[in-house]
Q: 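Structure incoming, see below.
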Amino acid sequence: MAADVIFEGRVIRVEREDVTLSNGRTTTIEAVRHRGSVVILAQPTPETVIVIRQYRPVISTWIWELPAGSLDPGESPDTAVVRECEEETGWTPGRVSALGSWYPTPGFCDEIMHFYRCESLTTPVRPVHQDEDEQIEPAEVTLDVLAEMIADGRVLDMKTVVGLTLLRQRR
């Protein structure tokens, strides 16, 4: 049976669907469908990373986080990471390395986040691009300062915690 589309927006689609589990039972699920995203670990130096301060209306607060963005329709993660790095940080990566891909909320959403280290950064001529729904302030911090920001609650999102862990594992 095909899924019923309950809502379709710019970034997500919500579907209701009957599925048969591996034990043979049938149940109805609601799933958030997402094109996927890239998470940018832009490193001007081996000991620093670019973070952004961004207002998140869904939680009604400003937070510090790693830059990230959704894939455009038909866009590959390898292409999206360069575009998003330039748009959100103002830096152009000379070298990009895939670090892995994970599902942040697989209980109800199929979004997959692709993590990339961006190095050999050069500053583009143009300023940081902001979408209509974005307020972004980029900053360069050391990995130790980012760990402090996580500990004291300035970082509230999981992708940034995962990103710092990846950077520390690959030193």
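Values below: every heavy atom of this structure, side chains too, minus hydrogens, waters and symmetry copies.
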Q: Nearest 0.5 Å, what's the OG1-CD distance between T165 and Q169?
A: 6.5 Å

Q: Which heavy atom of S70 sits nearest a heavy atom of E84, and at what distance?
A: O-OE2, 3.8 Å

Q: For the residue pair R16 and I29, establish whether any side-chain heavy-atom pair is separated by less than 4.5 Å.
A: no

Q: Any donor-acceptor pair under 3.5 Å linking the side chain of T89 with the backbone of W91?
A: yes

Q: Inspect the contact between D72 and R35 and indicate whether a charged nitrogen and a carboxylate oxygen are less than 4.0 angstrom apart.
A: no

Q: Step by step, work out the side-chain contact (heavy atoms from CB on, under 4.5 Å) result for D78 and V96.
A: CA-CA 8 Å; D78 291 343; V96 175; 5.9 Å; no

Q: Apply side-chain hydrogen bond (donor to acceptor under 3.5 Å, both in side chains) to E86 and T92, showing your working.
A: CA-CA 5 Å; E86 290 174 349; T92 300; 3.1 Å; yes

Q: Salt bridge (charged side-chain N to carboxylate O under 4.0 Å, His left out): which pairs involve residues 109-118, sequence neighbours left out?
A: R33-D110

Q: Report the residue from P93, P77, S101, S97 that forms a side-chain contact (heavy atoms from CB on, under 4.5 Å) with Y116.
A: P77

Q: Do L66 and I52 share a hydrophobic cluster, counting only Ile, Leu, Val, Met, Phe, Trp and Tyr and linking them when any side-chain heavy atoms are less than 4.5 Å apart?
A: no

Q: Verify, without hydrogens or angle tests, whether T79 (side chain) and E75 (backbone) share a donor-acceptor contact under 3.5 angstrom.
A: no

Q: So E47 and T142, side-chain contact (heavy atoms from CB on, under 4.5 Å) or not? Walk me through it.
A: CA-CA 6 Å; E47 292 303 315; T142 66; 5.5 Å; no

Q: Would V51 and L166 show up in the same hydrophobic cluster when neighbours are defined by side-chain heavy atoms closer than 4.5 Å?
A: yes

Q: Looking only at heavy atoms, which two atoms of L167 and L143 are closest? And how far apart?
A: CD1-CD2, 3.7 Å

Q: Should we say atom CZ of R170 is surrounded by more than 12 heavy atoms from elsewhere, each under 6.0 Å from it?
A: yes

Q: I'd like to know if the side chain of E148 and the backbone of V145 have a donor-acceptor N/O pair within less than 3.5 Å.
A: no

Q: Would a 4.5 Å heavy-atom cut-off, applied to side chains only, mark T160 and V162 as touching?
A: no

Q: Considering only heavy atoms from C-beta outward, does the side chain of P138 approach that of I136 to under 4.5 Å?
A: yes

Q: If every non-hydrogen atom of M113 is compared with every non-hydrogen atom of S37, which pair is closest and at what distance?
A: CG-OG, 3.4 Å

Q: Would you check if the side chain of T48 reaches a backbone N or O of T45 as a donor-acceptor pair within less than 3.5 Å?
A: yes

Q: Find out if a path of hydrophobic residues (ILVMFWY) with successive side-chain heavy-atom gaps under 4.5 Å connects V39 to L71.
A: no

Q: Within this structure, what is the CD1-CG distance for the pair I6 and D4, rounded to the nearest 0.5 Å?
A: 7.0 Å

Q: What's the shortest heavy-atom distance between V81 and C118, and which atoms?
A: CG2-SG, 3.9 Å

Q: Do D18 and T28 have side-chain N/O donor and acceptor atoms under 3.5 Å apart?
A: yes

Q: How long is the gap from CD on E119 to CZ on R95, to the nearest 0.5 Å?
A: 4.5 Å

Q: With a 4.5 Å cut-off on side-chain heavy-atom distances among I, L, V, M, F, W and Y, is there a chain of contacts connecting W64 to I40?
A: no

Q: Using every non-hydrogen atom in the two residues, find where Y55 and W62 come nearest and quote the distance to one decimal.
A: N-CE3, 3.3 Å

Q: Nearest 0.5 Å, please: how far is NZ in K159 from CG in L164?
A: 13.5 Å

Q: Do V141 and M149 come close enough that some side-chain heavy atom pair is under 4.5 Å?
A: yes

Q: Say you draw a straight line from OH of Y103 to SG of C109; how long is it, rounded to the nearest 0.5 Å?
A: 10.5 Å

Q: Quick check: closest heavy atoms across G9 and F7, and the distance to 0.1 Å?
A: N-CE2, 3.4 Å

Q: Sequence neighbours left out, what pairs pass salt bridge (charged side-chain N to carboxylate O under 4.0 Å, His left out) with at least one residue falling in residues 49-62?
A: R53-E137, R56-E65

Q: When hydrophobic residues are tied together by side-chain contacts of less than 4.5 Å, even through go-betweens, does M158 share a cluster with I63?
A: no

